[in-house]
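Accompanying notes for the structure given below.
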Amino acid sequence: MAAPSCGAPGFWVRGSWQRLGNLFTFVSKPLCSAAAASRPLDAQRLAERLRAQKQEQKTKKPVPTNPVQRRVQELLRFTEQLQRVHPNVLAKALRRGLVHQDKDLVVINKPYGLPVHGGPGVRLCISDALPVLAKMLHGHKAEPLHLCHRLDKETTGVMVLAWEKEVAHQVQELFRTRQVTKKYWAITTRVPVPSAGVVDIPIIEKEVQGQERHHKMTLSPSYCMDNGKIVSVRTSRNAHLAVTQYRVLNSTLSSALVELPAYYREGIKHQLRVHLSFGLDCPVLGDHKYSDWNRLAPQKLSACTLKKMGLPQSKARHIPLHLHACQLTLPALQPGKEDLNLVCKPPRYFVHSLHRLGLKMPSRDQNGDEEATHSGAQ
């Protein structure tokens, strides 16, 4: 028998199958030195993969039988997956949720749990997907889209992008001069009193003392009560003027759907959340940062709210922030054109929570969006 080309001699192995009594002859493939060297490495990788799968099966949590708990688990998993997906996948998701597109602007429906800008610990953000999204919409030679404003990581809803940097600067100037009107919806864990009004209290960032030192935005009022009298106090030079208008659209004994028509000063960090929580004592559902000033801990919900949501308090940490930018009106960028009215319906988890808490979605007349450009729920 001729020796194989790789220099390793071939060999014959004979075996018998007792039931059939036939004799089979097996001819092995020549064993090359390179293949022999790679096999231990492949086996090692396979063993590591099997160990990882076994460990994953051990740590895998059982699927909850309660549909609300199951939905909370899905949202948590979705948020974690968002930070692991490729920008191409994110760009496709943003294109599916497109609200409006013209030669100047692109308007998207921002999903939950996705930051706008990069930073420490951020694996993926909206900015990463803008070059890919531009090519999907305008071809491979398209320049990246430009951000015109920002939304918090946990906030969903209308977000405006521009094709040209000059247009982006023009829109940013409209935001800065408060010519853009925005409308938010928030589900609160208590009912604001009175049912409509304006919160006009400056906001400042302060360090919270305790076991875990951290910074939060808080109120810096210009007045205080002294022996039953309202007394003017000197505000810090670091405080920012902040005005938030609100009105209750629908309420129960323990929760409310609040509309926030925002002619407010743009760019103040967490303004709506701070005014609702510390100004009106009505934190946003799922706001684990501003529900308690002294510590960073999961939001404590009333027994009534937990019962309606079908959750124990131990699972409250997984409830997402229920704050949605539902409408934005942008003044015409060019003479002779009409204002652009953009509307985004809330995400599914927002709608499910409304139903669970016994709150009703506002009618079109309440929302005033009969002629608005809108997108479906996420």
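For clarity, every value in this text was computed on a predicted model and none was experimentally measured. Each residue takes its place number in the sequence, starting with 1.
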Less than 4.5 Å apart, side chain to side chain, heavy atoms only: is that true for [X] and [Y]?
| X | Y | value |
| --- | --- | --- |
| His149 | Met159 | yes |
| Val158 | Asn109 | no |
| His352 | Leu354 | no |
| Leu257 | Val248 | no |

Minimal non-hydrogen separation, Ile108 against Val99, with atom names: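 What the structure gives for the nearest pair is C-CG2, 3.9 Å.
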Say you draw a straight line from [atom1] of [X] to [atom2] of [Y]; how long is it, rounded to the nearest 0.5 Å?
| X | Y | atom1 | atom2 | value |
| --- | --- | --- | --- | --- |
| Leu90 | Leu133 | CG | CG | 8.5 Å |
| Lys135 | Glu143 | NZ | CD | 9.0 Å |
| Glu164 | Leu145 | CD | CG | 10.0 Å |

Audit row: Ile319, Leu285, side-chain contact (heavy atoms from CB on, under 4.5 Å) steps and yes/no: CA-CA 8 Å; Ile319 297 177; Leu285 179 64; 4.1 Å; yes
Please tabulate, for side-chain N and O atoms in residues 275-283, each donor-acceptor pair with protein atoms closer than 3.5 Å (sequence neighbours left out).
unit_1 : atom_1 : unit_2 : atom_2 : d
His275 : ND1    : Thr244 : OG1    : 2.7
His275 : NE2    : Ile201 : O      : 2.9
Ser277 : OG     : Tyr290 : O      : 2.3
Asp281 : OD1    : Arg190 : NH2    : 3.1

Ion pair check, Glu205 and Lys216, cut-off under 4.0 Å: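 No, this pair does not count.
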Asp152 and Arg150 ion-paired at < 4.0 Å: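 Result for this pair is yes, salt bridge flagged.
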